[in-house]
Amino acid sequence: MCGIIGIVGQGPVNQSLYDGLTVLQHRGQDAAGIVTYHDGRLYLRKGNGLVRDVFRARHMQELVGNIGIGHVRYPTAGSSSSAEAQPFYVNSPFGITLGHNGNLINTEALKRELFLQDRRHINTESDSEVLLNIFAQELLHQQPLHLEPEHVFNAVGAVHRRCRGAYGVVAMINGHGIVAFRDPYGIRPVVYGMRETAAGLEYMVASESVALDALGFKLIRDLAPGEAIYIDLSGHLHTRQCAEAPQYSPCIFEYVYFARPDSIIDDVFVHKARMRMGDYLGRKIMREWPDHDIDVVIPIPETSRTSALELAMRLGVKYREGFIKNRYIARTFIMPGQTERKKSVRQKLNPIGLEFQGKNVLLVDDSIVRGTTSREIVMMARDAGARRVYFASASPPVRYPNVYGIDMPAAHELIAHGRTEQEVCEAICADRLIYQDLPDLVRAVQKGNPKLARFDTAVFDGDYVTGVSPDYLAALEQRRAEGKIAVRVPRQAHIDLHNTV
Ligand SMILES: O=P(O)(O)OC[C@H]1O[C@H](OP(=O)(O)OP(=O)(O)O)[C@H](O)[C@@H]1O
Ligand SMILES: NC(=O)CC[C@H](N)C(=O)O
Ligand SMILES: [Mg+2]
């Protein structure tokens, strides 16, 4: 899950882009990038690391201009190499830079087309570079001498026809403006807003509303699935539905884990959705285990806190922050590489012994994916003296790969794949395991916006909104096993094509 941002301002945007990216950091920790435009030139800085590590004062000073875009990356294609950090750049037509959140599922076919039909060279394994070139090629097809919104929207329409998969995109067209769009299913989120300044109105697009809040922008609305927004250099805003048959199906995992709780996505407060997840899970426990002997509910920080508190209230059981999180360790799940993830769980969380000693504890997490966290944490609870360790997951068993921008392309990595709930319980060494039911998860989100008739719930039920062939999934599994997807590349051990130092 990456984070994207774009600002058309009335003054320098470098600091606002930087600040916005730090607020979106939870969506991608592996690489970050900003590109600005000033007086006919683009200024790009990108590299591996957290936002605070990638941009030094000397870079910030060089990122001049009143318009720019930014990206934080969590790789789901190619490798973690800085050559695949975003925004990507292509020089024709106009000079376009692009940041992408999501994942394409027809990358290889598009890459072939780009070469055979358009003689375009793709220099990395990143699907985002392919997406950029498709957009660029389609813009070129419009043969625009003077770029009009019409041309931009036609190009986005063609992207929708050619690209399959998930994409929330922000792109900057040199000398013209910023365009953002969402795939026809709206799998990945994109919002936009505005800020009034003494010099005039400024516009911003971002993956999550929390980035707008932090910069003092007022949320206008989400982009609809398939819709594009184009803000030109003089600050005029244009929007257009560019897809032929858009169908709202946002990714439900944004609500479970990815998004910040203080964001509003597709008119649903993430915080409230998580509260309802906790409440519904509490009701399930009361239904199925009315004579439970839980003494205390303990969340596994960070994300499960919201749902765990509601769950405890529903059960009428004490809620205690029994694990303390080291605030300097980042999110574990989005780290590339299982060794790094595993090590981080223990570094990140430490139990407060007295909350566990002699008690039957119910540990609550938002999800169990690979089981890295739950396995370790159950053991830590036992080591801390718990009598019985029960585990509850605010989402259902994750049994199927994700192909839309979450790095779980292979079913064999998922602890619940091919296992019954009882077998997962045994695998994580818990005394009892309770999962949320899928209809309850859907209800928890949908209650915030009843107009959302469908979600992408593929990781739970294998129903992919874009359709995915078994062959494609088998090939992914194979490529992952060969270490070819989101591969961890040692930092500094590569050479890349374009980057400012
Ligand atoms: O079963 P797993 O493969 O371990 O994945 C699931 C865990 O990973 C995430 O936590 P993470 O540490 O990434 O972020 P958080 O601090 O926001 O909870 C998520 O909240 C679960 O705790
Ligand atoms: N998580 C994402 O959104 C990843 C974007 C893109 N597929 C990449 O790997 O860079
Ligand atoms: Mg967690």
Side-chain angles (χ1 to χ4, degrees), residues 1-4 24-31 33 46 71-81 83-88 98-105 107 124-132 165-169 187-189 207 251 253-254 256-261 274 299-308 323 325-327 329-336 338 340-342 344-345 347-349 363-378 391 393-395 397-398 402-409 413-416 424 427-428 459 485-487:
M1 202 63 33
C2 302
I4 58 170
L24 296 175
Q25 188 79 78
H26 61 284
R27 300 183 67 84
Q29 303 168 166
D30 213 63
K46 60 178 181 172
H71 188 265
V72 281
R73 179 169 191 238
Y74 156 53
T76 58
S79 72
S80 65
S81 143
E84 292 178 23
Q86 303 191 30
F88 273 105
L98 177 141
H100 166 216
N101 170 209
N103 202 61
L104 301 186
I105 59 171
T107 311
T124 68
E125 290 303 313
S126 166
D127 56 327
S128 312
E129 190 186 2
V130 170
L131 178 57
L132 166 60
Y167 44 96
V169 168
I187 299 173
R188 304 267 71 101
S207 294
C251 170
F253 217 70
E254 290 279 350
V256 170
Y257 167 69
F258 270 106
R260 268 192 34 169
R274 287 187 189 156
I300 299 171
E302 188 69 45
T303 303
S304 71
R305 282 173 149 154
T306 319
S307 50
F323 288 106
K325 178 175 172 269
N326 178 345
R327 68 181 73 204
I329 306 258
R331 287 185 123 179
T332 322
F333 178 73
I334 61 173
M335 287 176 178
Q338 186 63 4
E340 203 170 329
R341 284 192 289 262
K342 211 166 158 193
S344 269
V345 176
Q347 283 179 349
K348 177 171 148 174
L349 299 170
L363 307 182
V364 182
D365 210 344
D366 53 85
S367 57
I368 304 172
V369 183
R370 301 182 182 92
T372 323
T373 309
S374 39
R375 269 197 192 112
E376 291 290 325
I377 224 84
V378 169
F391 205 99
S393 164
S395 58
V398 174
N402 184 284
V403 296
Y404 300 132
I406 306 176
D407 181 34
M408 32 200 245
E413 294 174 10
L414 309 171
I415 193 169
V424 178
I428 66 171
V459 296
I485 303 179
V487 195

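In listed order, ligands and their atoms are each counted from 1.
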request  = Under 4.0 Å from a heavy atom of Asn103: give me the atoms of ligand 2 that qualify, with their elements.
outcome  = 7 (N)
request  = Find out whether Phe88 and Leu131 are in side-chain contact, i.e. whether some heavy atom of one side chain is under 4.5 Å from a heavy atom of the other.
outcome  = no
key: Minimum side-chain heavy-atom gap Ile187-Cys251 below 4.5 Å   = yes
ask   = Just by distance, do the side chain of Lys46 and the backbone of Ala31 share a donor-acceptor pair under 3.5 Å?
value = no
request  = Would you tell me which option among Gly168, Gly405, Gly102 has the nearest heavy-atom contact to atom 5 (C) of ligand 2?
outcome  = Gly102
query = So, do Ile406 and Tyr74 sit near enough that their side-chain heavy atoms are less than 4.5 Å apart?
reply = yes
inquiry  = What I'd like to find out is whether the side chain of Ile4 reaches to under 4.5 Å of the side chain of Val169, using heavy atoms alone.
reply    = no
key: Donor-acceptor contact below 3.5 Å, side chain Asn103 vs main chain Val403   = yes
key: Backbone N/O of Leu104 and side chain of Asp127: donor-acceptor pair under 3.5 Å   = yes
inquiry  = So if I count the atoms of ligand 1 from 1 in the order they appear, which ones are less than 4.0 Å from some heavy atom of Ile368?
reply    = 1 (O)
ask   = Is ligand 1 less than 4.0 angstrom away from at least one heavy atom of Ser367?
value = yes
Minimum-distance protein heavy atom relative to atom 21 (C) of ligand 1 = Asp365 OD2, 3.2 Å
Protein heavy atom at shortest distance from atom 9 (C) of ligand 1 = Tyr257 CE1, 3.3 Å
inquiry  = Counting only heavy atoms, tell me which of Ile377, Ile428, Val369, Val364 gets closest to atom 1 (O) of ligand 1.
reply    = Val369
inquiry  = As an exercise, identify every atom of ligand 1 less than 4.0 angstrom from a heavy atom of Thr372.
reply    = 1 (O), 2 (P), 3 (O), 4 (O)
request  = Using a 4.0 Å heavy-atom cut-off, say whether Thr303 meets ligand 1 through its side chain, its backbone, both or neither.
outcome  = both
ask   = Would you say Lys348 contacts ligand 1, with heavy atoms under 4.0 Å as the rule?
value = yes
inquiry  = Under the side-chain contact (heavy atoms from CB on, under 4.5 Å) test against Thr373, which residue among Leu363, Ile300, Ile428 passes?
reply    = Ile300
inquiry  = Please list, in number order, the atoms of ligand 2 under 4.0 Å from a heavy atom of Pro75.
reply    = 9 (O)
remark   = At under 4.0 Å between heavy atoms, what of Asp127 touches ligand 2? The answer is side chain
inquiry  = Taking distance alone, with N or O pairs closer than 3.5 Å, would you say Ile300 contacts ligand 1?
reply    = no
note = closest protein heavy atom to atom 8 (O) of ligand 1 is Phe333 CB, 3.3 Å
query = Using 4.0 Å as the upper bound for N to carboxylate O, is an ion pair formed by Glu302 and Arg331?
reply = no
query = With a 4.0 Å cut-off on heavy atoms, does Gly78 reach ligand 2?
reply = no
task = Taking only heavy atoms of Gln86 into account, list the atoms of ligand 2 that are under 4.0 Å away from them.
result = 6 (C), 8 (C), 10 (O)
request  = Return yes or no for this condition: an N or O of Arg73 is under 3.5 Å from an N or O of ligand 2.
outcome  = yes
message = Counting C-beta onward and ignoring hydrogens, is there a side-chain heavy-atom pair between Leu349 and Lys325 closer than 4.5 Å?
response = yes
inquiry  = Side chains of Pro397 and Leu414, heavy atoms from C-beta outward: is any pair under 4.5 Å?
reply    = no
ask   = Do His71 side-chain atoms and Ala85 backbone N/O form a donor-acceptor pair below 3.5 Å?
value = no
query = In the protein, what heavy atom is nearest to atom 1 (N) of ligand 2, and what distance, to one decimal place, separates them?
reply = Met1 N, 2.6 Å
ask   = What is the nearest protein non-hydrogen atom to atom 3 (O) of ligand 1, stated with its residue, atom name and distance?
value = Arg370 N, 2.8 Å
query = Just by modelled atom types, is the Gly405 backbone N or O under 3.5 Å from a matching donor or acceptor in the Asn402 side chain?
reply = yes
inquiry  = Please classify the Cys2 to ligand 2 contact at 4.0 Å (heavy-atom distances, strictly less than): side chain, backbone, both or neither.
reply    = both
message = Looking only at protein heavy atoms, which one is nearest to atom 20 (O) of ligand 1, and what is the separation?
response = Asp366 OD2, 2.5 Å
key: Test applied, salt bridge (charged side-chain N to carboxylate O under 4.0 Å, His left out); reference residue, Glu254; option that passes from Arg274, Arg260, Arg188   = Arg188
query = What part of Glu84, side chain from CB on, backbone N/CA/C/O, both or neither, has a heavy atom under 4.0 Å from ligand 2?
reply = neither
note = protein heavy-atom neighbour closest to atom 4 (O) of ligand 1 works out as Thr373 OG1, 2.5 Å
message = So if I count the atoms of ligand 2 from 1 in the order they appear, which ones are less than 4.0 Å from some heavy atom of Asn101?
response = 2 (C), 3 (O)
inquiry  = Distance under 4.0 Å to a non-hydrogen atom of His100: what atoms of ligand 2 satisfy this?
reply    = 5 (C)
task = May I ask you to decide if Val369's main-chain N or O and Ser367's side chain share a donor-acceptor pair within less than 3.5 Å?
result = no
